Amino acid sequence: MAWHDEDSWLTAAFAPKLSTIAITLLLVMLLPIALHQFIYRVQTPTALPTFLLIGPSGSGKTAFLTLAERRAAAQTHTSTAPLSIEALLPDGYVPNSAHYRSPGDPAYERARRLLLLDTPGHGKLRHFATAQLVNPTHVRGIIFVVDAASVADEAGLDETAEYLHDMLLALQKRYTGAKTSKGPKEIPVLIAANKLDLFTALPPHLVKISLEKAISEVRKSRAKGVKDSGVAMGGEEDAVDEENEWLGEGGEGAFEFRQMEEVGTSVAVQGGNVLGGEGSDVKSWWEWVAEQL
Amino acid sequence: MLDTFEILTTSGVVLWSRTYVPVGANIINSLIRDVFIEERIIPQQEDAGYHPTYRKEGYTLKWTQAKDLGLIFVAVYQSLVHLTWIDKLLDNVRALFTGLYGEQLNSNRSNSSTLDTQKFNPYFDRQIQDLEGTSDESLNVKLTPPSSSGNDSAEESAPTLPVLQKPQRPLYDTSADSTPVPTPDTSRPTTPAPSHLLTGKAKPGAKLSRRDRKKAAGFGSAPASSGDEASVKRKGKSSTKKNRTWGEFGAEEEDPSVVLDYSQADLKGDAPEAEALEEIKQETWGRKTGKGQFVLKDLDEEMDAIIAEQNAKKESSAPSSGLVGSSLGAIGGLFRNVVGGKTLTKEDLAKSLRGMEDHLLKKNVAREAAVRLCESVERDLTGLKTSSFTTVESTIRTSMEKALTKILTPTSSLDLLREIQTVNASGRPYVLSIVGVNGVGKSTNLSKIAFFLLQNHHRVLIAAADTFRSGAVEQLGVHVRNLKELSHREGGEVDIFQKGYGKDAANIAADAVQYAAKNNFNVVLIDTAGRRHNDQRLMSSLEKFAKLAKPDKILMVGEALVGTDSVAQARNFNASFGPGRGLDGFVISKCDTVGDMVGTLVSMVHATGIPVVFLGTGQHYADLRGLNVGTVTRLLMS
Ligand SMILES: Nc1nc2c(ncn2[C@@H]2O[C@H](COP(=O)(O)OP(=O)(O)OP(=O)(O)O)[C@@H](O)[C@H]2O)c(=O)[nH]1
Ligand SMILES: [Mg+2]
């Protein structure tokens with residue numbers, strides 16, 4: 001039976017038969033549904049945008065994470081392990097990518113989903129955070145939580161500035177060390193000045209200024225400090241290039257967060273409080289997050 | 001009495017907590033910091049149902065963990081009270097909680113930190129009642145089951161158990177002296193503070209309490225029967241709980257009805273509120289009233305079942321007996337060992353850990369430190385499930401890498417230059433002194449540090465406080481001459497302060513600091529005489545040295561070559577400066593000569609918890625390095 005025969009399947013397919021019509025109809029209706037199912041199954045679970053929570057111990061990272069998840073901060077203690085949770089951008093904030101969609105649109109709802117990854121802030125446990133910085137595949141932004149009350153005194157400020165310096169330096173190295181000419185995806189940083197409910201807390205603009213000042217100091221003394229033992233001890237060959245260890249612009253001037261923009265990192269400082277007598281106030285943080293989504 | 005009980009995750013979220021008396025968050029935080037992170041306090045092994053304790057600011061903390069779920073259970077109570085049932089409580093609560101929520105925690109572990117634990121309240125309350133009940137009953141002359149959770153909530157306006165508060169009719173007031181100091185007699189598990197009880201009593205109704213007090217007086221002060229908890233425990237819950245009474249000598253009388261009736265009649269005749277009280281009592285404890293009884297019995301049985309199940313699970317995870325069983329188990333174990341998904345027990349880990357220990361010993365890690373690291377890994381891993389397609393060995397490897405990173409990483413940053421800046425800002429020179437045994441390279445490393453400081457344009461005074469070994473002062477003089485030449489170009493300034501031999505080193509050091517302050521030096525480096533760490537006489541002079549010279553930083557130089565001795569060296573030096581003063585860091589010299597056998601670093605840090613600040617890596621003044629934790633860890637694991 002050749003294809004041009006009277007009753008070959010090809011002829012039947014073009015004949016005005018009832019069965020042909022039925023099959024075609026079914027196909028037309030089911031195919032888009034199947035396609036939709038397939039595409040969304042594949043895509044959704046893995047690719048949620050991630051926001052890293054970094055900062056010294058006791059700054060309120062875990063508290064913020066629980067606030068984001070349950071709309072009320074839970075009781076927390078010093079973390080010893082990282083934790084990632086899925087959160088939803090609260091109502092009233094519009095994800096940047098979904099500006100032209102209306103609430104209720106599934107794509108809009110999807111754009112509101114995000115992952116928050118909390119890391120321990122204790123000095124001995126920062127490798128969890130630094131490991132994330134080496135390969136930030138899904139990281140859409142970094143929230144560096146600062147205890148605005150503790151940066152009011154020298155010790156707290158120094159610790160925070162050192163951690164922040166190291167983190168920004170890691171981001172900078174990632175940017176300058178990239179092989180492609182385009183440079184890697186930009187990772188914005190939010191410095192979340194937390195605990196503004198405390199009366200000892202510095203206001204956000206002062207947090208910014210004092211951190212910039214302290215980072216200038218850290219940068220200077222890092223450059224002068226003894227070299228790392230990595231090379232001398234027969235470790236890897238990635239010889240520490242002096243140039244690469246200098247955060248921000250060259251030159252002896254003061255460090256400003258603005259300088260980070262050249263290496264693909266915009267830094268914003270926003271105040272808020274996760275806890276407090278009059279409830280939490282983290283609006284400006286969510287606005288920042290919405291902007292990155 | 002229990003102040004607080006918390007169930008939290010390793011990621012720091014409190015899943016469930018019960019607060020009788022608020023305890024600052026810093027108490028549990030410092031437990032986590034000191035014990036889990038910094039491992040400054042090594043808990044004694046959990047054996048025979050006794051859980052490790054940790055003390056802080058007048059509180060005693062006992063804890064246990066459910067490793068595979070990442071849970072920590074912590075009980076906090078005042079160190080003054082002596083609670084014997086906390087261990088049991090921790091065990092039971094862990095069993096209950098993992099039984100009730102284990103699956104949920106496992107399944108929603110990804111991307112969620114929430115867990116609805118409302119339901120857990122009654123379970124916990126029952127546990128408290130049971131345990132506290134058993135221990136209390138063993139010494140109280142009480143008609144109603146005691147519940148000091150009720151006591152507590154009444155006393156501290158944390159009314160978690162408003163119902164239970166009412167049947168409280170404490171009888172302690174006869175002995176109304178105020179100190180809650182527990183008797184050393186271990187047979188008296190709980191000694192609630194009488195004053196607490198007095199305040200607590202005021203609530204249910206003054207009349208009742210007064211009457212109660214009288215009755216209590218009638219009974220006389222309770223003869224503390226030897227409260228063997230275990231024997232009274234849970235046995236005959238339904239009958240003994242409520243209706244138990246006590247004979248003359250505090251012995252338990254079996255007939256339940258008699259005394260109950262007595263008390264009931266007594267109460268009913270008294271006041272209407274007593275009636276209400278009786279009703280509540282019935283509902284809470286009643287085995288007679290329909291509804292309440294049913295619920296409670298249900299809870300009890302369920303609780304027992306869960307605990308039994310959890311215990312059974314634990315036992316079954318231990319190697320099974322029998323010929324067939326064991327060989328099959330062995331094969332399965334081997335398989336799972338390769339594929340993963342095996343719950344690790346101490347036995348599984350033992351062999352590989354011994355291998356790991358040998359490996360570390362080969363890297364020149366002192367045995368003591370190696371053992372501690374392996375124990376830390378063991379603590380980390382026992383009870384954990386290996387993830388899929390990972391062998392026990394590689395799991396241990398990863399965990400050991402983590403342990404090494406943790407032990408070597410300093411808690412706070414070590415930036416000498418900034419410290420100098422801060423001290424100088426307060427208008428005095430920064431004083432750094434170096435100690436160590438003979439011949440480890442104290443003077444050499446001191447000169448290296450001086451060179452580093454000169455490069456940063458500091459004005460450095462080097463004090464020759466080694467007045468003991470002949471030639472020491474001259475040797476230092478040579479270094480200073482060299483440094484002077486070198487620093488000409490760099491822009492710093494250096495000089496030596498020396499008073500010859502035989503003088504007291506502490507005085508010379510103090511003089512040097514004064515001289516420096518007068519002559520505008522901003523850093524003083526003090527070289528000291530080398531001494532054997534087990535030389536009592538010389539070591540004891542260090543205390544005076546620390547007092548007079550008041551160094552901002554005391555660094556100890558240790559040789560990378562030294563083996564097992566490193567632990568004792570570090571310890572003795574750390575302890576030699578008198579109370580309140582210890583070493584601030586180590587300089588490990590001659591690191592270039594040992595290749596990958598850098599175990600000394602670990603040994604010294606292990607012995608003292610003090611970080612390595614500098615590494616000496618060669619013969620030149622510039623051969624001074626900071627510690628790179630990653631590299632050292634890699635060298636040790638290679
Ligand atoms: N007053 C006040 N306290 C806060 C605020 N946010 C957090 N805290 C408290 O700060 C403490 C530390 O918060 P955590 O979230 O546990 O700190 P963390 O950043 O996760 O710390 P690590 O896990 O150790 O890195 C908790 O006791 C919080 O209750 C705030 O906005 N105001
Ligand atoms: Mg945390």
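A, B, ... follow the sequence lines: proteins, then strands. Residue 1 opens every chain. All figures in this text were calculated on a predicted structure; none of them were measured in a lab. Hydrogens, waters and symmetry mates are skipped; everything else that's a heavy atom, side chains included, is used.
Looking at A:Glu159, neither its backbone nor its side chain comes within 4.5 Å of chain B, counting heavy atoms on both sides. With a threshold of 4.5 angstrom between heavy atoms, B:Leu624 approaches chain A through its backbone and through its side chain. With a 4.5 angstrom heavy-atom cutoff, B:Ile37 touches chain A via backbone and side-chain atoms both. With a 4.5 angstrom heavy-atom cutoff, B:Ser17 touches chain A only via side-chain atoms. Contacts between A:Thr62 and chain B at a heavy-atom distance below 4.5 Å involve the side chain alone, from C-beta outward. Residue A:Pro120: no heavy atom, backbone or side chain, is found under 4.5 Å from chain B. Heavy-atom distances place the side chain of B:Glu6, and not its backbone, under 4.5 Å from chain A. Residue contact with chain A, scored on non-hydrogen atoms closer than 4.5 Å, involves the backbone of B:Ile407 exclusively.
For the set B:Leu417, B:Leu416, B:Asp596, the entry with the most heavy-atom pairs within less than 4.5 Å of chain A is B:Leu417. Per-residue counts of heavy-atom pairs under 4.5 Å with chain B were compared for A:Glu86, A:His122, A:Glu162, A:Lys61; the largest is that of A:His122. Of all the listed residues (B:Asn456, B:Thr9, B:Asp623), the one sharing the greatest number of non-hydrogen pairs under 4.5 Å with chain A is B:Asn456.
The minimum heavy-atom distance between A:Pro82 and B:Ser11, with the atom names listed, is O-CB, 4.0 Å. Residue B:Lys406 comes nearest to A:Lys124 through the heavy atom pair O-NZ, 2.7 Å, listed as atom of the first residue, atom of the second, then distance. Annotation for B:Asp415 and A:Ser221: closest pair OD2-OG, 2.6 Å, computed over non-hydrogen atoms.
One distance of note links CD1 of B:Ile28 with NE2 of A:His77; it measures 4.0 Å at 0.5 Å rounding.
Looking only at distances, a side-chain donor or acceptor of A:Thr80 sits under 3.5 Å from a matching main-chain atom of B:Thr10.
Considering only heavy atoms from C-beta on, A:His127 stays 4.5 Å or farther from B:Glu401 through its side chain.
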